[in-house]
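Worksheet for the structure shown next.
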Amino acid sequence: MGYRVGVDIGGSFTDFAVLDEHTNQIHTLKVLSRPDQPGSEILTGLTQLQQRDGIDPQQIDYFTHGTTVGINAVIQRRGVKLALFSTEGFCDVLELARLKIPHIHDLFSRRPAPLISRDRVFAIKERTDRHGNVLTEVDRQSVLDAINAAREAGCQGIVVALLHSYRNRHNEAAVKAIINQHAPDLLTSCSADIWPIIREYERTITATINAYVQPMVIHYLESFERALKEKGVRPPPRITKSNGGVMGVEQAKSECVQMVLSGTASGVIGASFLASACGFDKILSLDIGGTSADVAVIVDGQVAQGNGEIIGDFPIYIPSVAVTSVGQGGGSLAWIDNQGVLQMGPDSAGSLPGPVCFQRGGTQPTATDAFAACGMIGHGDLGYNAVQVDVAAARAAWQPLADSLGISVEETAETAIELAISSMYGDTSGLLSRFGLDPREFWFLAFGGAGPMMGCFLARELNMKGVIVPPTPGVLSALGGLVADIRNDFIRTLYSDLDASLADRLATEAEALSQRARDWLSSQHGAHMPFTLHYSADMRYRGQSFEIEVALEPQWLAQANVTALHDAFDRQHQQLFGHFDADAPVQIINLRLVIASPTPKPMLNQLAAADAPVEVAQQVSAWIDGAAHQVDVVLRATLRAGHQLIGPVIVAQDDCTTCVPPNMKVDVDSFGNLLITPVEAN
């Protein structure tokens with residue numbers, strides 16, 4: 001028995017969670033991320049774990065890893081310059097999108113500029129019909145002309161997205177072959193290889209995001225692999241996926257979009273594991289790192305899944321945890337716009353140079369600097385002593401903005417915090433509305449380096465039930481990667497009426513998907529691993545524009561029981577929309593399959609009961625809710641089950657700081673969680 005390691009590399013910190021399989025003890029660590037030297041943070045962390053806890057890298061028998069490199073690149077628009085090769089006559093697909101504006105109630109809302117501007121979209125002469133029949137083979141010269149134009153435009157990669165390629169990828173493959181022959185230096189992503197779904201925009205934007213982040217993801221993963229080999233880690237690493245599972249590195253390099261939500265999904269899976277183990281049935285996970293705040297829905301331990309999740313300004317149409325990502329985090333930069341109005345984000349200071357108060361070269365104030373200037377953090381080292389918070393430097397960084405606005409440093413910093421909370425409020429409200437949820441029934445499970453720092457302020461605005469801060473919130477995403485199951489998704493577009501004509505091939509299509517899934521599991525992870533198969537279908541009444549996903553029983557497919565499928569769709573439609581039509585004809589658009597293989601899960605330790613009052617480490621002055629308060633600072637390590645704190649209070653620990661505003665109280669449960677709830681008015 002050895003060690004199982006989960007690592008989450010964020011924009012500011014790299015988190016480690018190590019399970020000793022012999023003792024069931026979990027070791028945790030945070031080190032600063034090094035985007036300038038990817039992989040070096042792995043070496044640093046493994047060295048410190050060996051020196052501090054005696055964990056020999058050669059005894060590691062499982063290594064999984066989540067990263068935010070993809071999502072951060074999309075949010076901050078720092079991907080590579082791309083060209084799009086599209087079917088002649090269909091070159092406006094990214095600009096047209098779905099003709100929606102992001103915020104329908106905002107008179108000034110504008111659709112975002114596409115990741116590939118129209119001058120870098122080039123027409124390819126070819127045609128495939130809606131049944132997959134090739135009507136016109138690829139015109140070689142049109143591809144060569146497009147390659148030359150892409151080079152002249154300075155493009156570093158090419159996306160190939162042709163009409164109806166989800167039915168037949170023949171023409172896309174022909175275009176890619178020509179590119180590989182004449183421009184092998186240009187990375188090429190074909191939409192049918194990335195995610196072969198019906199609808200041109202959905203397929204094209206997913207392939208575009210894949211290509212947009214691919215070069216940096218490949219560079220990152222190769223550096224990561226070298227670091228592990230240098231340290232003597234023997235098992236091949238696994239990468240957490242957007243759907244909450246894990247995959248091999250080679251798959252991650254070619255299907256980068258599958259790991260765009262890698263770090264985000266790791267956190268959600270970690271939150272789901274803890275919620276189930278501790279008995280919380282309705283949770284919103286709140287993961288706030290250096291660059292973004294990510295919120296997901298967890299009910300009865302099950303993570304809500306979705307398609308078309310919004311990443312920055314764009315949707316991705318792959319199976320993923322249903323998460324809302326907002327470009328607000330602890331490292332989000334403050335700035336004043338041309339109208340003299342204070343703004344926050346979406347640009348982030350990351351780990352280099354990082355917040356000003358971290359003393360690593362940062363000069364522009366961030367959300368973390370706002371909390372430092374207000375006196376809510378800086379009462380101990382952070383990140384397992386990786387950084388020392390310089391409150392004076394944070395205040396000095398806010399002074400020019402305060403002078404420009406004509407208010408005090410504290411007022412400026414608190415305004416910045418309110419702006420960040422306001423952005424999170426808007427997107428979180430949208431997520432709750434999408435699932436028809438009442439926030440008063442839900443807890444926030446706050447984690448990440450800034451989740452406990454900001455969680456209470458967001459929870460009270462949303463009128464949440466309360467906030468749960470787990471024992472090691474700063475490294476929960478790393479724990480999520482450690483407990484994530486091996487998982488992959490498969491899809492087949494049928495686009496067929498649900499009738500006798502489909503019954504003839506329904507079982508065949510389901511078995512073909514099943515065989516693909518089993519072959520994938522065998523090739524990636526071994527032939528003898530236990531697994532489960534979960535079927536679903538995207539279905540609609542004939543004439544509807546969009547479909548809903550319906551869970552299916554395997555025997556319905558094996559027996560071609562179209563009546564059972566119709567009834568299942570009616571039930572789902574009734575649940576979602578309050579009505580159904582049993583006599584209306586139904587269509588199946590896509591048949592889906594998820595294969596999952598479980599991984600070992602650790603047991604949670606119980607916290608000893610309190611036998612003495614809470615120890616106050618010190619008392620400080622902090623600016624909260626527009627006024628100065630005398631606030632107790634309590635060390636997390638001294639708390640025991642049954643302890644209670646009354647806000648305002650600051651709870652300091654190695655991996656983060658929990659800020660509890662006035663009129664909220666803290667109860668410590670038997671697992672060591674901080675349960676923060678509003679104080680009931682007399």
Side-chain angles (χ1 to χ4, degrees), residues 102-106 244 264-265 267-288 293-310 320-326 328 418 420-448 451-452 454-470 473 476 548-551 571-580 647 660-667 669 673-681:
H103 305 288
I104 61 175
H105 300 297
D106 182 356
T264 303
V268 176
I269 295 303
S272 173
F273 168 73
L274 278 183
S276 296
C278 299
F280 297 101
D281 59 348
K282 292 184 177 180
I283 294 291
L284 293 184
S285 65
L286 177 65
D287 179 5
I288 308 179
D294 306 317
V295 183
V297 177
I298 303 169
V299 177
D300 295 330
Q302 299 299 310
V303 178
Q305 296 281 320
N307 288 282
E309 300 305 314
I310 302 298
S320 62
V321 296
V323 63
T324 290
S325 294
V326 189
Q328 297 289 342
E418 291 171 349
I421 296 299
S422 177
S423 292
M424 298 178 197
Y425 173 90
D427 285 50
T428 305
S429 296
L431 181 70
L432 290 164
S433 299
R434 171 179 160 192
F435 288 99
L437 303 176
D438 185 346
R440 294 171 296 182
E441 300 176 357
F442 280 76
W443 295 84
F444 264 140
L445 199 155
F447 59 100
M454 306 175 81
C456 289
F457 298 92
L458 179 57
R460 69 180 185 180
E461 294 300 320
L462 287 163
N463 198 20
M464 302 280 291
K465 187 174 184 178
V467 178
I468 303 166
V469 180
L476 187 61
I548 59 177
E549 187 174 359
V550 180
R571 289 193 297 271
Q572 184 74 354
H573 201 278
Q574 170 70 33
Q575 181 177 344
L576 290 175
F577 304 113
H579 67 91
F580 71 96
V660 183
N663 300 316
M664 301 191 84
K665 63 184 180 71
V666 183
D667 292 285
D669 74 3
N673 298 305
L674 306 182
L675 308 183
I676 308 172
T677 54
V679 175
E680 295 182 3

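In what follows, residues are counted from 1 in the order of the sequence shown. Source: prediction; values computed, not measured.
- The closest donor-acceptor contact from the side chain of S433 to the backbone of S429 lies under 3.5 Å.
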Assess whether side chain to side chain contact (heavy atoms under 4.5 Å, CB included) is satisfied between D281 and F442, documenting all intermediate values.
-> CA-CA 8 Å; D281 59 348; F442 280 76; over 6 Å; no

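- Scanning all heavy atoms of the two residues, the minimum distance from M664 to C456 falls at SD-CB, 3.9 Å.
- No more than 12 heavy atoms of other residues, nucleotides or ligands lie within 6.0 Å of CD in Q302, so this atom counts as exposed by the packing criterion.
- At a threshold of 4.5 Å between non-hydrogen side-chain atoms, the residues V295 and V323 do not count as touching.
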Stepwise, does the side chain to side chain contact (heavy atoms under 4.5 Å, CB included) test hold for I468 with F447?
-> CA-CA 9 Å; I468 303 166; F447 59 100; over 6 Å; no

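- The two residues K665 and V679 have their closest heavy-atom pair at N-CG2, 3.8 Å.
- The line from CG of D427 to CD of Q328 is 9.5 Å long, rounded to the nearest 0.5 Å.
- For the pairing with L445, the side-chain contact (heavy atoms from CB on, under 4.5 Å) check across V467, N673, L476 returns one residue only, L476.
- When side chains are defined from C-beta on, F580 counts as touching Q574, because their heavy atoms get closer than 4.5 Å.
- Summarising the geometry of P662 relative to R460, their closest heavy-atom pair is O-NH1, 4.4 Å, with the distance given to 0.1 Å.
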For the pair L458 and L286, evaluate side chain to side chain contact (heavy atoms under 4.5 Å, CB included) and give the outcome as yes or no after the intermediate values.
-> CA-CA 10 Å; L458 179 57; L286 177 65; 4.0 Å; yes

Do L284 and I298 pass the side chain to side chain contact (heavy atoms under 4.5 Å, CB included) test, and can you show the C-alpha distance, the side-chain angles, and the key distance before you say yes or no?
-> CA-CA 6 Å; L284 293 184; I298 303 169; over 6 Å; no

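- Residue M464 holds its CE atom at 8.0 Å from OG1 of T428, rounded to the nearest 0.5 Å.
- We find the CG-CD1 distance between L462 and I421 to be 9.5 Å, quoted to the nearest 0.5 Å.
- For the residue pair K465 and R440, the shortest heavy atom distance occurs at CB-O, 3.5 Å.
- P470 and L274 make their closest contact through CB-CD1, 3.6 Å (heavy atoms, listed as atom of the first residue, atom of the second, distance).
- Separating the CG atom in L432 from the CD atom in E441 is a distance of 10.5 Å, to the nearest 0.5 Å.
- What you find for G244 and V321 is that their closest heavy atoms are N-CG1, 4.3 Å.
- At a threshold of 4.5 Å between non-hydrogen side-chain atoms, the residues I269 and V303 count as touching.
- You'll find the side chain of L576 reaches within 4.5 Å of the side chain of I548, heavy atoms only.
- For the atom pair CG of D294 and OG of S285, the computed distance is 8.0 Å after rounding to the nearest 0.5 Å.
- One N or O on the side chain of S276 and one on the backbone of S272 form a donor-acceptor pair closer than 3.5 Å.
- Expressed to the nearest 0.5 Å, how far NZ of K282 lies from CH2 of W443 amounts to 13.5 Å.
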